[in-house]
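For reference, the structure is listed below as C-alpha cells.
When a ligand or atom number is given, it counts from 1 through the structure's own listing order. Just so it is clear, the model here is predicted, and its values are computed rather than measured.
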Amino acid sequence: GVDTFQRVTPIQLKAMTGRKGKPAWSSWQGKVYNITPYLPFHPGGEPELMKAAGRDGTKLFMDVHPWVNWENMLGPCLVGVLVPENYASS
Ligand code: HEM
C-alpha cells in the first residue's frame with residue numbers, strides 16, 4: 001500500500017536536482033520517481049530529461065510524448081508519493 005512509499009514534500013522534491021551528488025527526482029501524477037538511472041537510456045537525451053529534475057515532469061512529458069507510459073517504464077524507480085508541505089508525518 002501507499003504507506004510503504006516514502007512521503008515526499010515539494011521542498012524535498014525541489015532539492016533532488018541531480019546535481020551536487022544528489023539523484024534527480026521528478027513527479028508524475030502525484031508519484032515521485034528517481035529519474036537518474038533512466039538518464040542514459042532516454043531516447044530524447046539526458047539534457048531533455050533533466051529539465052524535469054526537481055519538479056513535476058507532467059507538462060514537459062505530455063507536451064513531447066503523451067503516448068509514452070511513464071508509470072510502466074519508471075515503475076522500478078518509484079520513490080514515493082508527493083504530499084503537501086505541512087503533511088502530518090508519523
Ligand atoms: C523521446 C521516455 C521524459 C523529451 C522519448 C522516447 C521515450 C521517452 C520512450 C521515445 C518516444 C518515441 O520515439 O515514440 C521518457 C520517459 C520520461 C521522459 C520515461 C520520464 C521519466 C521526458 C521529458 C522531456 C522529454 C521530461 C522534455 C523535457 C523527449 C524528446 C524525445 C523523447 C524531445 C524525442 C527524441 C527524438 O525524437 O529524437 N522519451 N521521456 N522526455 N523525449 Fe522523453
Donor-acceptor pairs under 3.5 Å, side chain of residues 36-50 to any protein atom, not counting sequence neighbours: which ones?
unit_1, atom_1, unit_2, atom_2, d
Thr36, OG1, Ala24, N, 2.7
Thr36, OG1, Asn34, OD1, 3.4
His42, ND1, Gly45, N, 3.3
His42, ND1, Gly45, O, 2.8
Glu48, OE2, Lys51, NZ, 2.6

Among all protein heavy atoms, pick the one closest to [atom] and tell me residue, atom and distance.
atom	answer
atom 2 (C) of ligand 1	Tyr38 OH, 3.3 Å
atom 12 (C) of ligand 1	Trp67 NE1, 3.7 Å
atom 26 (C) of ligand 1	Ala52 CB, 3.6 Å

Which heavy atom of [X] sits nearest to which heavy atom of [Y], and what is that distance?
X	Y	answer
Lys14	Thr17	O-CG2, 3.3 Å
Gln12	Arg7	OE1-O, 3.5 Å
Asp56	Trp28	OD1-N, 4.2 Å
Phe5	Leu78	CZ-CD2, 3.4 Å

Next on the checklist: Any protein heavy atom at under 4.0 Å, with atom 40 (N) of ligand 1 as the reference point?
Outcome noted: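 Neighbour list for atom 40 (N) of ligand 1 includes protein heavy atoms (cut-off 4.0 Å).
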Checklist entry - How about atom 37 (O) of ligand 1: does it have a protein heavy atom within less than 4.0 Å? => result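 Within 4.0 Å: no protein heavy atom nearby.
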Checklist entry - Nearest non-hydrogen atom to atom 19 (C) of ligand 1 belongs to which of Asn69, Thr58, Leu74? => result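 That would be Leu74.
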Checklist entry - Measuring from the heavy atoms of Tyr33, does anything fall under 4.0 Å of ligand 1? => result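 Tyr33 does not count as a contact of ligand 1 under the 4.0 Å cut-off.
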Item to check | For atom 43 (Fe) of ligand 1: protein N/O/S atoms at distances below 2.8 Å | outcome: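 That number is 2, waters not included.
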Next on the checklist: Using a plain distance cutoff, I'd like to know if Lys51 has any nitrogen or oxygen under 3.5 Å from a nitrogen or oxygen of ligand 1.
Outcome noted: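 No, Lys51 has no N/O under 3.5 Å of an N/O on ligand 1.
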Item to check | Any side-chain heavy-atom pair of Trp70 and Gln29 under 4.5 Å | outcome: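 Heavy-atom side-chain distance check fails, nothing below 4.5 Å.
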Checklist entry - Do any N or O atoms from the side chain of Glu85 and from the backbone of Ile11 form a donor-acceptor pair under 3.5 angstrom? => result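 Judged by distance alone, yes, a pair lies under 3.5 Å.
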